[in-house]
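These numbers were taken from a predicted model, which means no experiment stands behind them.
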Amino acid sequence: VLFRSLRRQTSSLSAVVESDAKRLDRLAGAASGVQEARTLSLQLASAARDEDTVRRVQADPKVVVTALEPTVASHGAGGQYLYSEAAGASILVLRDLPLLPLGGAYRVWLEDPLSQLTLAASFVPEGNLSARVALQRDSRLEAVRIYVVATSRGDDPSASGPVEIGRAHV
């Protein structure tokens with residue numbers, strides 16, 4: 001009798017543990033879905049902000065357009081830097097960018113009058129090797145030069161092997 005009772009209790013406990021494990025799996029899946037939704041929401045907000053910046057810069061009749069100077073490593077890549085004082089922002093329009101290694105990214109650096117560099121943006125070009133990068137103006141930074149640099153690893157700002165693709169005096 002004691003053995004049967006113990007067996008029923010063990011069986012009941014196993015069922016509870018299995019049920020709890022399934023519930024935890026569902027909760028973990030839901031938490032993952034919530035995190036993914038937050039990430040997508042942030043990406044959407046960023047894309048909307050960038051599109052608004054592009055629209056405002058392109059609509060400015062006094063936009064200042066500067067061509068990027070090619071470098072030895074640009075391999076035919078080109079582009080323009082468009083700055084709008086009224087919009088308080090700028091955009092880089094790039095074309096024919098060299099292919100990046102897997103995990104690579106391009107970085108946009110701004111140089112101030114004291115030759116200090118500030119990372120302004122990181123991006124991976126679209127499938128046609130072009131990009132449109134919106135840059136919000138930082139009132140603390142007076143940029144005199146802009147650089148577009150290819151890096152071998154997009155997630156590591158100190159990764160070796162940066163290659164300058166273009167530059168402009170702004």
Engineer: If you look at every heavy atom in P98 and A77, which pair is closest and at what distance?
Structural biologist: CD-CB, 4.0 Å
Engineer: L68: which residues meet the side chain to side chain contact (heavy atoms under 4.5 Å, CB included) condition with it, sequence neighbours left out?
Structural biologist: L92, L94, I146, V148, A168
Engineer: Would L99 and L129 satisfy side chain to side chain contact (heavy atoms under 4.5 Å, CB included), going step by step from the backbone distance to the final call?
Structural biologist: CA-CA 7 Å; L99 286 172; L129 302 177; 3.6 Å; yes
Engineer: For residues Q136 and T53, is any side-chain donor paired with an opposing acceptor at under 3.5 Å?
Structural biologist: yes
Engineer: Measure the spacing between OG1 of T66 and CZ of R145 and express it to the nearest 0.5 Å.
Structural biologist: 12.5 Å
Engineer: Do Y106 and T151 get their side chains close enough for a donor-acceptor pair, meaning under 3.5 Å?
Structural biologist: no
Engineer: Can you measure from CZ (R95) to CG (N128) and round to the nearest 0.5 angstrom?
Structural biologist: 12.0 Å
Engineer: Examine the side chains of R107 and S122 and answer whether a donor and an acceptor come within less than 3.5 Å of each other.
Structural biologist: yes
Engineer: When L82 is tested against each of V54, L135, V93 for side-chain contact (heavy atoms from CB on, under 4.5 Å), which residue passes?
Structural biologist: V93
Engineer: Could you see if I91 belongs to whatever hydrophobic cluster contains V65? Use Ile, Leu, Val, Met, Phe, Trp, Tyr and a side-chain cutoff under 4.5 Å.
Structural biologist: yes
Engineer: Considering only distance and modelled atom types, tabulate donor-acceptor pairs under 3.5 Å from the side chains of residues 55-64, sequence neighbours left out.
Structural biologist:
residue : atom : partner : partner atom : Å
R55     : NH2  : D52     : OD1          : 2.4
R56     : NE   : D52     : OD2          : 3.1
R56     : NH1  : A87     : O            : 2.8
D60     : OD1  : K62     : N            : 2.8
D60     : OD2  : S84     : OG           : 2.6

Engineer: Step by step, would you call Y147 with V108 a side chain to side chain contact (heavy atoms under 4.5 Å, CB included)?
Structural biologist: CA-CA 6 Å; Y147 299 93; V108 178; over 6 Å; no
